[in-house]
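For reference, positions follow the sequence shown, starting with 1.
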Amino acid sequence: MVEFDTSKIGYSLKLDGKYYNTLDIEGFSHMMKDPSYCYKFYWLEAIVQLIAEGVKETTFDAVIDEMICNAWYSVREFHIHLSGMPIDGQVKDGLERAVSKLSELSNLPANASKVEIKNAIKKYALELKTSKEQLTNMVPYRALAGFFDRAEEPADWGSVRRMTEYIERINEHVVILPYTLGTGSKLKKEIYFQPS
């Protein structure tokens with residue numbers, strides 16, 4: 001086994017002796033509680049990718065673009081239905097519909113690169129708007145529902161404005177959430193990632 005002298009190669013691991021774990025692991029596990037709705041996996045994957053790139057705040061639009069890129073190959077190559085098989089032949093899942101619509105418009109292959117997909121999303125933004133906006137209705141709010149169990153106040157799912165305010169109250173008084181939301185609307189609504 002080769003041993004490296006860290007002083008010679010300029011790398012060293014410095015620990016302050018303290019361990020910080022403020023993540024609500026139970027809340028995160030509840031985010032993925034119902035696997036029948038794949039959009040939650042794509043929502044979380046998109047957020048993780050953006051955070052890994054150093055993004056601290058973004059919009060629903062940018063997260064949904066990431067979701068489309070991430071779902072592209074599965075939907076196009078394997079014809080995966082993201083919310084189960086449509087009984088009447090109509091795709092009910094907004095993310096799957098967005099991928100299918102972009103595929104029809106752009107004629108990109110199943111193995112298109114992320115750059116090609118993002119360029120096509122920009123080119124056909126107007127045509128994709130309705131499908132993308134459908135994803136803003138409850139996806140970002142429902143994804144946080146696993147964190148709401150500790151709150152005494154029930155969520156009011158009937159209003160985006162009240163849900164945004166509720167999320168802020170939960171974040172301030174109950175548990176630190178992975179993200180909070182701004183006051184914008186539809187695709188322009190802001191997402192603020194929790195640094196911790």
Side-chain angles (χ1 to χ4, degrees), residues 28 31-53 55-146 157-161 163-164 167 178-193:
F28 274 101
M31 282 180 91
M32 302 298 122
K33 187 175 169 182
D34 186 357
S36 62
Y37 296 102
C38 292
Y39 66 77
K40 290 191 287 188
F41 295 105
Y42 287 108
W43 176 260
L44 185 59
E45 180 183 23
I47 286 174
V48 168
Q49 286 176 331
L50 289 166
I51 290 171
E53 293 170 8
V55 175
K56 293 179 176 38
E57 64 181 70
T58 189
T59 61
F60 282 0
D61 195 37
V63 174
I64 292 168
D65 288 354
E66 287 290 323
M67 291 171 68
I68 292 169
C69 291
N70 294 340
W72 180 265
Y73 189 75
S74 299
V75 171
R76 293 278 289 113
E77 181 67 20
F78 300 112
H79 309 287
I80 300 289
H81 294 290
L82 301 179
S83 291
M85 289 291 292
I87 295 171
D88 58 1
Q90 298 295 317
V91 174
K92 292 181 178 30
D93 184 87
L95 179 56
E96 182 180 347
R97 231 185 348 268
V99 170
S100 296
K101 184 161 202 83
L102 183 62
S103 174
E104 291 169 16
L105 294 167
S106 68
N107 292 317
L108 287 173
N111 65 349
S113 72
K114 187 174 185 175
V115 171
E116 291 172 311
I117 298 166
K118 282 208 172 179
N119 286 338
I121 291 169
K122 285 181 184 162
K123 181 177 180 179
Y124 298 106
L126 189 60
E127 293 87 344
L128 293 172
K129 186 177 180 190
T130 301
S131 297
K132 288 173 68 175
E133 282 182 346
Q134 181 200 1
L135 291 167
T136 70
N137 291 338
M138 281 297 141
V139 173
Y141 311 94
R142 292 275 181 209
L144 291 175
W157 296 103
S159 164
V160 167
R161 182 187 53 77
M163 276 308 298
T164 301
I167 288 167
Y179 58 86
T180 56
L181 304 171
T183 58
S185 65
K186 301 278 184 185
L187 295 171
K188 293 187 184 319
K189 191 165 193 76
E190 308 85 0
I191 302 175
Y192 306 105
F193 299 127

Keeping Y141 on the side-chain end and M163 on the backbone end, is there a donor-acceptor pair under 3.5 Å?
no
Would you find a donor on one side and an acceptor on the other, under 3.5 Å apart, between the side chain of R76 and the backbone of L108?
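Confirmed, R76 side chain pairs with L108 backbone.
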Between [atom1] of [X] and [atom2] of [Y], what distance do you get to the nearest 0.5 Å?
X	Y	atom1	atom2	answer
D65	N70	CG	CG	11.0 Å
I47	M67	CD1	CE	9.0 Å
N137	W157	CG	CH2	13.0 Å
T58	L50	OG1	CG	5.5 Å
F193	I51	CZ	CD1	5.0 Å
C69	Y42	SG	OH	12.0 Å

Side chains of [X] and [Y]: closer than 4.5 Å at any heavy-atom pair?
X	Y	result
S106	I121	no
T136	L187	yes
L181	I191	yes

K114 NZ: over 12 foreign heavy atoms closer than 6.0 Å
yes
Near K118 NZ, under 6.0 Å, is it more than 12 heavy atoms from other residues, nucleotides or ligands?
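Counting neighbours around NZ of K118, more than 12 heavy atoms of other residues, nucleotides or ligands fall under 6.0 Å, so yes.
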Residue pair [X] / [Y]: nearest heavy atoms and the distance that separates them:
X	Y	answer
P140	Y179	O-OH, 2.6 Å
S100	V75	OG-CG1, 4.2 Å
Q134	G94	OE1-CA, 3.1 Å
W72	A112	NE1-CB, 4.0 Å
E127	K123	OE1-O, 4.3 Å
Y73	A110	CD1-O, 3.1 Å

Paired with D61, the salt bridge (Lys or Arg N to Asp or Glu O under 4.0 Å) test is passed by just one of K132, K122, K186, namely K132
Can a side-chain donor-acceptor contact be found between K189 and T164 if the only test is distance below 3.5 angstrom?
yes
